[in-house]
Amino acid sequence: MNVRKPRIYLISLAGALILLGLYLASLYSYLLFHIIAEIFSIIVAFSIFIISWNSRRFIDNNYFLFIGIAFLFVGLMDLAHTIAYPGMAVLPGSGTNAAAQLWISARYIQGLSLLAAPLLIGRRLRFNWLIPSYGLIVLLLWVSIFYWQNFPACFIEGVGLTAFKKISEYVISLILLGSIFVTFQNRREFDSMVLRLLFAAIIVTIISELFFTLYEHPFGLPNLIGHFLKIVSFYLIYKAIIETGLVRPYDLLFRNLRQSEKRYRDLYEEAPNAYLSVNIKGKIERANRSAAEMLGYSRDDLIGQAALDLYADTPYGKAKAEGVFKRFMAGEEIRDEELEMRRTDGSSVWINLSVRPIRDKDGQVIASRSEVVDITEHKRLDQLKDDFIGLVSHELRSPMTVITGAINTVLTESERLSPAETRQLLKDAALESESLSHMLGNLLELSRVQANRLSLFTEAISVRKVIEDTVDNIKRRSSVHHFITDLPEKLPPVYADELRLERILYNLLENAVKYSPQGGDIKVSVQADKERLIIGVSDQGVGISASDQARLFEPFQRLEESRPDVTGGVGLGLMVCRRLVEAHGGQIWVESEPGRGSTFFFTLPLNQG
């Protein structure tokens with residue numbers, strides 16, 4: 001059985017009887033009817049303020065608080081209207097016109113407040129200026145009506161309503177329609193029942209205003225109907241705000257809590273970091289999307305699985321995770337522990353783990369909530385950095401050993417060394433110094449790129465001269481290779497940074513020397529078209545596989561496995577070449593086949609200046 005229908009019937013019957021009683025009261029004394037109707041709306045207005053003001057600590061929807069403050073002053077204006085009504089003889093200067101002026105002022109305040117209230121949802125209200133502002137507006141209206149007497153006339157005896165009064169009623173109706181539209185735009189902030197009641201109250205108020213454009217004297221039928229409709233509209237306001245706030249004071253709070261819970265759930269599910277909830281038995285009870293994607297599982301597969309089974313069988317995997325589990329079971333909050341987990345495909349994933357124990361009312365740990373951050377790439381970069389530091393340390397130590405040894409030998413054994421031996425030692429020291437300088441230069445170039453401080457000093461340069469000088473320079477370091485230059489008779493000038501172009505060529509030629517057999521040809525060629533210069537450096541080495549070509553221009557990539565007898569290097573040369581070529585607006589690539597050598601090409605634009 002639906003118990004709501006009899007209740008609705010009873011409420012409707014009681015409402016009808018009340019309205020009938022008010023109608024009978026109007027037949028006995030219209031003034032009595034008017035006082036009762038207005039006192040009802042005044043009580044409702046003041047109650048809205050009291051309830052909303054005292055609920056402000058737990059209701060975060062500013063609509064209700066703003067309306068509550070506004071209706072306090074609407075009630076004050078309606079109170080002044082009531083005691084200024086013809087026949088009351090309370091206020092000096094009162095009468096039909098003053099009552100109508102107070103009425104229209106109250107309706108403007110009510111309409112504009114209903115229009116503005118939805119726009120303040122989610123914003124912080126400043127009570128230190130809001131209440132005094134409303135008070136100042138009401139005070140100015142009272143002074144304008146009773147003291148200055150410059151408020152537009154609303155009723156003229158013997159004539160009836162003025163054009164200002166009628167137009168104002170239509171304007172107020174439009175404002176109220178606008179308030180429905182704006183409130184509907186923010187409908188998600190309201191309980192559905194409250195929203196329907198508010199719309200009903202505003203619509204009834206609009207109909208009431210339209211009736212007030214029809215009456216010819218304050219005791220006529222349109223006035224009576226208008227007041228009946230006002231009673232209905234304020235009753236609906238009471239149902240929407242006061243009853244919701246008084247009879248069910250926590251509905252709005254719980255609704256906000258439910259919305260907060262939904263937002264939290266959405267944030268949990270869609271968070272970029274992985275989250276796992278683990279019970280006291282170590283079983284996963286909940287996992288978000290990121291956790292499933294990171295480990296390669298579906299969320300259904302993760303639920304119920306032992307968390308420890310997800311860790312790798314390494315010292316930083318399951319063994320360390322067991323220690324972490326014991327610590328949080330003892331009540332410790334875990335922060336930023338690095339552990340190794342296993343994906344479904346068997347690959348490793350390094351994580352940064354933080355665990356917060358969840359306790360019962362007695363303080364006992366009953367579960368945990370874990371935040372898991374994938375730091376696999378970070379660990380890879382750390383390892384790469386460590387490898388690079390070790391590599392650089394080794395590569396810097398080798399030339400320094402030669403330089404130090406050669407110079408010390410010349411200084412301590414000069415009497416027993418022949419001039420040729422002394423010259424050779426100093427030559428070795430000079431060559432290693434040059435190699436060391438070049439290595440440090442590559443490091444400096446890379447650091448400038450990483451810090452976005454790479455600046456080119458471009459000017460018109462002779463590419464032929466740069467190539468010939470760089471080839472002559474590399475020849476001093478390798479007398480066992482045959483260098484060939486294939487350059488057109490006429491080369492257009494290129495706007496480039498000469499020192500950076502030398503570094504590009506030196507790096508490419510140095511690599512060609514490393515990977516070419518003794519006695520092999522190393523060739524530098526140049527081609528020109530309308531837009532660019534194409535420079536190539538070729539060797540007769542063993543070539544480069546397609547998989548190796550894909551990583552050639554990344555940092556610290558060396559292909560010693562292709563030639564186990566080659567000398568070492570830091571693995572920065574090609575990356576520096578790429579950065580410098582791209583800074584000039586060019587491109588760099590390699591063409592190679594295993595067993596047939598390699599050619600590195602790069603371009604320089606001809607239209608820079």
Side-chain angles (χ1 to χ4, degrees), residues 4-5 7-9 11-12 14-16 18-19 37 40-41 43-45 47-49 51-52 55 59-75 78 103 106-123 168-213 225-249 251-256 258-259:
R4 291 183 57 86
K5 287 186 177 180
R7 183 183 177 188
I8 292 174
Y9 293 148
I11 293 174
S12 300
I18 291 172
L19 292 178
F40 173 79
S41 64
I43 291 174
V44 170
S47 299
I48 290 174
F49 168 73
I51 295 299
S52 61
S55 303
I59 296 181
D60 59 6
N61 187 334
N62 286 339
Y63 180 95
F64 297 104
L65 187 54
F66 182 83
I67 289 296
I69 294 172
F71 267 65
L72 168 65
F73 294 95
V74 170
D78 280 341
W103 170 273
R107 302 291 75 78
Y108 266 121
I109 293 174
Q110 180 180 344
L112 291 172
S113 297
L114 288 168
L115 179 64
L119 303 177
L120 298 174
I121 294 174
R123 299 185 182 183
S168 290
E169 298 286 11
Y170 293 128
V171 170
I172 292 168
S173 298
L174 291 175
I175 292 172
L176 291 170
L177 282 174
S179 73
I180 292 177
F181 174 78
V182 177
T183 305
F184 183 78
Q185 296 294 105
N186 294 272
R187 60 189 178 278
R188 294 183 179 179
E189 302 295 331
F190 296 89
D191 178 85
S192 59
M193 178 57 71
V194 172
L195 195 66
R196 288 195 292 269
L197 290 170
L198 283 174
F199 286 167
I202 294 172
I203 291 171
V204 172
T205 302
I206 292 172
I207 298 173
S208 170
E209 293 302 310
L210 295 179
F211 268 97
F212 282 115
T213 64
I225 297 174
H227 277 91
F228 273 135
L229 292 174
K230 184 184 179 185
I231 291 172
V232 173
S233 71
F234 270 71
Y235 171 75
L236 293 172
I237 289 285
Y238 158 80
K239 291 286 293 183
I241 299 177
I242 295 183
E243 184 175 284
T244 302
L246 183 61
V247 178
R248 295 179 292 160
D251 276 7
L252 294 176
L253 174 62
F254 290 153
R255 179 176 177 273
N256 291 335
R258 288 193 298 270
Q259 289 181 339

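Note that the structure is predicted; figures quoted are calculated from it, not measured.
Taken from CZ in F71 to CD1 in I237, the straight-line distance is 4.5 Å, to the nearest 0.5 Å. The OH atom of Y63 sits 10.5 Å away from atom CG of L119, with the distance rounded to the nearest 0.5 Å. To the nearest 0.5 Å, atoms CZ (F184) and CG (L195) are separated by 8.0 Å. Atom CG of L177 is separated from atom OG of S179 by 7.5 Å, given to the nearest 0.5 angstrom. To the nearest 0.5 Å, the span separating CD1 on I203 from CG on L229 amounts to 12.5 Å.
In this structure, the side chains of T183 and L114 stay at 4.5 Å or more apart for every pair of heavy atoms. Within the 4.5 Å cutoff, the side chain of I172 has no heavy atoms near those of the I206 side chain. For the pair F49/I67, no side-chain contact is recorded, criterion being any heavy-atom separation below 4.5 Å from C-beta on. Two residues are said to be in side-chain contact when any heavy atoms from C-beta on lie closer than 4.5 Å; F64 and V194 meet this criterion.
Judged by a 6.0 Å distance limit and a 45° cone about the ring axis, R196 is not positioned over the six-membered ring of F199.
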Exercise for the section: Start with the C-alpha gap between F234 and I43, add the side-chain angles, then the distance that decides, and say whether side chain to side chain contact (heavy atoms under 4.5 Å, CB included) holds. Expected result: CA-CA 10 Å; F234 270 71; I43 291 174; over 6 Å; no
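Minimum interatomic distance between A70 and S113 (heavy atoms only, all atoms of both residues): CB-OG, 3.3 Å. V74 approaches A106 most closely through the heavy-atom pair CG2-O, 4.1 Å. Looking at every heavy atom in both residues, L210 comes nearest to S173 through CD2-OG, 3.9 Å. The minimum heavy-atom distance between I202 and L176, with the atom names listed, is CG2-O, 3.5 Å. Across all non-hydrogen atoms, the minimal contact from V182 to P118 is CG1-CB, 3.5 Å.
The salt bridge (charged side-chain N to carboxylate O under 4.0 Å, His left out) contacts involving residues 226-235 comprise E38-K230, D78-K230, where partners must be two or more places apart or lie in separate chains.
For the pair S208 (side chain) and V204 (backbone), a donor-acceptor distance under 3.5 Å is absent.
Y108 and S168 form a side-chain donor-acceptor contact under 3.5 Å, judged by distance and modelled atom types alone.
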